[in-house]
Asks: 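Structure in structure tokens, see below.
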Amino acid sequence: MTVDPNAATQGFPSPEPARPRPNPARYLVPALVAAAVAIALGAYGKVHDPAGTSFNLAGFSSTGAVKSWLATGAFFFAIVQLVSALMVYGKLPGPRWSAKLHRWSGRVAFLAAVPVAVHCLYALGYQSYESRVLWHSLMGCFFFGVFSAKMLLLRSERLPGWLLPIVGGLVFTALTIIWLTSALWFFRTFGVTT
Ligand code: HEM
């Protein structure tokens, strides 16, 4: 039997256009990068001798105070991230600039967190002498892994709608646990001082 190439134009239903098959690399690469980043940070924190160096900023009483306030700033902007994401997804009423607010609050949160984490990794290392500190070290490494995955996924097209909210939620959850196990602990132990 020969197929008439003009069949579709003669009233016959045309065959469904083949759907592009999802390319697993779109998920695999970010997942592998996340694992590599988290494991590399943890391994570095574990194998090097913690330098124990401290630094200070004018107006602050200790390294811990500077770090706790920076971490609190990062956590504040992470909450802005959560609220602005809910606005972008239409779950909360929000202004037209919600997406811009989401991008900028993310950048500020990340910039505040990086110097704190660099000091943690370099000066204190990966520690597990009590469960709070273990969770803090674990989540510190996980945070940078899952953050890298989120940045890579943002560049991908045709992602399932649930993926970014889940990965973004993991980034937020990690930062929340980091803050609870460090800055909140610091303020409760030494008082809310600068
Ligand atoms: C977003 C990332 C991170 C933030 C915002 C953060 C924040 C903080 C803060 C505010 C403190 C309390 C101040 C101090 O004792 O110096 C702290 C302590 C500490 N951090 Fe981090 N940190 C992060 C990542 C990490 C990572 C990746 C590690 C190691 C793998 C780590 C290990 C530690 C340790 C061992 C302590 C001392 C805990 C204690 O004895 O109370 N942190 N961190």
Side-chain angles (χ1 to χ4, degrees), residues 30-85 102-154 164-194:
L32 288 176
V33 169
V37 168
I39 291 170
L41 292 180
Y44 169 74
K46 190 91 189 152
V47 300
H48 90 291
D49 270 342
T53 40
S54 56
F55 64 91
N56 214 339
L57 276 186
F60 285 92
S61 54
S62 65
T63 309
V66 178
K67 288 173 68 182
S68 299
W69 281 109
L70 273 173
T72 302
F75 182 49
F76 170 79
F77 282 102
I79 293 172
V80 177
Q81 279 269 285
L82 180 68
V83 173
S84 56
H102 188 75
R103 275 197 298 277
W104 276 100
S105 53
R107 286 169 189 163
V108 175
F110 187 73
L111 281 181
V114 165
V116 183
V118 168
H119 182 269
C120 285
L121 266 173
Y122 178 70
L124 307 172
Y126 184 102
Q127 303 296 342
S128 51
Y129 46 80
E130 57 181 76
S131 56
R132 172 184 63 81
V133 177
L134 169 67
W135 274 102
H136 178 78
S137 300
L138 260 180
M139 285 296 122
C141 299
F142 178 74
F143 171 80
F144 286 101
V146 76
F147 179 85
S148 315
K150 189 183 170 202
M151 292 304 105
L152 289 175
L153 286 170
L154 284 176
L164 268 179
I166 297 252
V167 177
L170 287 175
V171 177
F172 178 76
T173 307
L175 194 62
T176 304
I177 297 175
I178 289 170
W179 183 80
L180 292 172
T181 53
S182 61
L184 181 65
W185 168 84
F186 183 91
F187 291 138
R188 291 180 65 173
T189 309
F190 301 106
V192 184
T193 51
T194 53

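Each ligand, and each atom within it, is numbered from 1 in the order the structure gives.
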Asks: Using non-hydrogen atoms of the residue, decide whether Leu41 is closer than 4.0 angstrom to ligand 1.
Replies: no
Asks: Please list the nearest protein heavy atom to atom 16 (O) of ligand 1 with its residue and the distance rounded to 0.1 Å.
Replies: Lys67 NZ, 2.9 Å
Asks: Is the closest heavy-atom distance from Gly45 to ligand 1 below 4.0 Å?
Replies: no
Asks: Which protein non-hydrogen atom lies closest to atom 11 (C) of ligand 1, naming both residue and atom, and how far is it?
Replies: Ser182 CB, 3.4 Å
Asks: For Gln127, counting its heavy atoms only, list the atoms of ligand 1 lying under 4.0 Å from any of them.
Replies: 35 (C)
Asks: Report, in ascending order of atom number, the atoms of ligand 1 lying under 4.0 Å from any heavy atom of Tyr126.
Replies: 29 (C), 30 (C)
Asks: Heavy atom under 4.0 Å from ligand 1: found in Ala74's side chain, backbone, both, or neither?
Replies: neither
Asks: With a 3.5 Å distance limit and no angle check, can you tell me whether His119 reaches the backbone of Thr53 through a side-chain donor-acceptor pair?
Replies: yes
Asks: Any atoms of ligand 1 less than 4.0 Å from a non-hydrogen atom of Cys141? List them with their elements.
Replies: 27 (C), 30 (C)
Asks: Check for me whether Arg132 has a heavy atom closer than 4.0 Å to any atom of ligand 1.
Replies: yes
Asks: Check the pair Ser105 / Gln81 against side-chain hydrogen bond (donor to acceptor under 3.5 Å, both in side chains), numbers first and verdict last.
Replies: CA-CA 6 Å; Ser105 53; Gln81 279 269 285; 3.1 Å; yes
Asks: Can you pull out the closest protein heavy atom to atom 7 (C) of ligand 1? Residue, atom name and distance to 0.1 Å, please.
Replies: Val116 CG1, 3.3 Å
Asks: For atom 29 (C) of ligand 1, which candidate among Ala183, Ala38, Gly125 holds the nearest heavy atom?
Replies: Gly125
Asks: Under a 3.5 Å distance rule, please check whether Thr63 uses its side chain to pair with a backbone N or O of Asn56 as donor and acceptor.
Replies: no
Asks: Would you check whether Gly42 reaches within less than 4.0 Å of ligand 1, judged by its heavy atoms?
Replies: no
Asks: Starting from atom 22 (N) of ligand 1, which protein heavy atom do you reach first, and at what distance in Å?
Replies: His136 NE2, 2.9 Å
Asks: Quick one: OG on Ser148 to CG on Leu41, what's the gap to the nearest 0.5 Å?
Replies: 8.0 Å
Asks: Could you check which of Tyr129, Phe142, Trp185 puts a non-hydrogen atom nearest to atom 38 (C) of ligand 1?
Replies: Tyr129
Asks: Looking at Trp104, is Arg107 sitting on its ring face, NZ or CZ under 6.0 Å from the six-membered ring centre and within 45 degrees of the normal?
Replies: yes
Asks: Kindly check if the number of other-residue, nucleotide or ligand heavy atoms within 6.0 Å of CZ (Phe75) is above 12?
Replies: yes
Asks: Quick one: does Ser61's side chain have a donor or acceptor within less than 3.5 Å of a partner on Thr194's backbone?
Replies: yes
Asks: Among all protein non-hydrogen atoms, which one is nearest to atom 4 (C) of ligand 1, and what is the separation to 0.1 Å?
Replies: Ile178 CG2, 3.4 Å
Asks: Starting from atom 37 (C) of ligand 1, what is the nearest protein heavy atom, named by residue and atom, and what distance separates them?
Replies: Leu124 CD1, 3.7 Å
Asks: Centres of the Trp69 and Phe187 rings: under 6.0 Å?
Replies: yes
Asks: Got the closest protein heavy atom to atom 2 (C) of ligand 1, with its distance?
Replies: Ala117 CB, 3.6 Å
Asks: Provide the number and element of each atom of ligand 1 under 4.0 Å from a heavy atom of Ser68.
Replies: 10 (C)
Asks: Describe, in one word, how the ring planes of Phe147 and Phe110 are oriented to each other, choosing from parallel (under 30°), tilted (30 to 60°) and perpendicular (over 60°).
Replies: parallel
Asks: Considering only the protein, which heavy-atom contact is closest to atom 28 (C) of ligand 1, and what is its distance?
Replies: Cys120 CB, 3.9 Å
Asks: So His48 and Tyr122, would you call those rings parallel, tilted or perpendicular, with 30° and 60° as cut-offs?
Replies: parallel
Asks: Show the numbers, then the answer: is there a side chain to side chain contact (heavy atoms under 4.5 Å, CB included) between Gln127 and Leu134?
Replies: CA-CA 6 Å; Gln127 303 296 342; Leu134 169 67; over 6 Å; no
Asks: Say you draw a straight line from CD of Glu130 to CH2 of Trp185; how long is it, rounded to the nearest 0.5 Å?
Replies: 7.5 Å
